[in-house]
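Heads up: the structure comes next, in structure tokens.
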Amino acid sequence: MKKFTDPAILQKWCANQKKKGNKIALVPTMGYLHEGHLSLIREAKKRADIVVVSVFVNPVQFGPNEDYDKYPRDEKADWKKCREAGASAVFFPTKENMYLDRHSVYINEEDLSLGLCGARRPGHFRGVCTVVAKLFNLSHCDIAIFGQKDYQQAQVIKRMVRDLNFDLEIVVMPIVREKSGLAMSSRNTYLDEDMRKKALVLSEAVRTPKAGDKTAVISKKCIAKIEKAGLKIDYFECVDGATLVRSAKIKKGDAILVAAFAGKTRLIDNSIVK
Ligand code: PAF
């Protein structure tokens with residue numbers, strides 16, 4: 001397995017792979033890899049000849065009061081996990097070589113990013129789109145694989161790919177959950193046992209709304225349940241799965257999205273209405 005830190009060298013290597021006729025899949029991550037990430041790498045391996053995993057805690061997608069500095073990092077463990085999952089190359093750039101002095105070009109998606117996490121985390125999707133576009137360009141990927149846990153992110157990236165004519169396919173893989181039902185997240189490491197138990201209410205809540213329910217009524221019920229469990233609600237929304245516009249009445253294909261604070265840890269979860 002190859003290791004790259006320099007964007008230009010990765011780009012050259014990937015260009016060479018393409019010249020040889022190899023299909024490239026990219027799995028962008030912020031590291032501290034868990035089973036959810038590994039499921040993306042395994043899927044990438046099924047779909048492409050070369051799997052590039054990027055491990056980069058992207059400063060541009062964090063707000064000033066967010067957890068950029070304390071975001072968990074473990075390069076050694078990530079390297080081992082990538083190798084075991086079958087990656088061909090891992091890209092560990094530094095923030096200095098991803099964002100050169102006076103970096104001044106960013107990508108703004110101006111529809112799907114406006115609500116939900118975008119409204120609560122100003123600048124977050126600008127940072128995500130910018131880094132993901134850079135990773136697309138560096139990796140020459142034919143496919144990029146994301147997790148459904150970041151549902152809004154996946155929709156925003158699909159829109160960016162469509163609107164900016166990136167010649168690649170976006171694949172979104174299902175949420176991987178712990179046995180308890182808790183959605184896997186690198187941020188779960190911040191939770192103590194008590195908070196882990198309390199956080200289970202999120203996966204229960206997103207599975208509660210059913211097609212035909214009135215959003216206002218069911219949302220109120222779910223929010224009350226989440227707060228009763230001891231979490232602080234950030235949002236609970238039932239939206240059209242493609243446009244992310246709130247549904248008055250829930251229908252098949254809608255996305256039920258939640259963000260809530262378990263102590264200081266902001267967790268997200270979602271499910272699609274059957
Ligand atoms: O989902 C993530 O881990 C990040 O937002 C991503 C896509 C790797 C961009 O930094």
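FYI, side chains are in, hydrogens and waters are out, and symmetry mates aren't considered; it's all heavy atoms of this structure. Counting convention: from 1, in listed order, for ligands and their atoms alike.
Closest heavy-atom approach to atom 8 (C) of ligand 1 among the candidates S186, S54, P28: P28.
Every residue two or more places apart in sequence or in another chain was checked for a ring-ring contact (aromatic ring centres under 6.0 Å, His included) with W79, and none qualifies. In this structure, the side chain to side chain contact (heavy atoms under 4.5 Å, CB included) partners of S186, at least two apart in sequence or on a different chain, are Y32, H34, H37, Y71, P72.
With D240 as the fixed residue, the salt bridge (charged side-chain N to carboxylate O under 4.0 Å, His left out) test singles out one of K251, K252, R246: K251.
Side chains of Y190 and D67: a donor-acceptor N/O pair is present below 3.5 angstrom, by distance only.
Regarding atom 3 (O) of ligand 1, its nearest protein heavy-atom neighbour is M30 CG, 3.5 Å.
Each of the following atoms of ligand 1 lies closer than 4.0 Å to a heavy atom of T29: 8 (C). Here is the list of ligand 1 atoms found below 4.0 Å of a heavy atom in Q61: 4 (C), 5 (O), 9 (C), 10 (O). Close contacts of ligand 1 with V131, meaning ligand atoms under 4.0 Å from a residue heavy atom, involve 9 (C), 10 (O).
Between D213 and K249, none of the side-chain N atoms (NZ, or NE/NH1/NH2) sits under 4.0 Å from a carboxylate O, so this pair counts as no salt bridge.
For ligand 1, one of its N or O atoms has an N or O atom of Q153 under 3.5 Å away.
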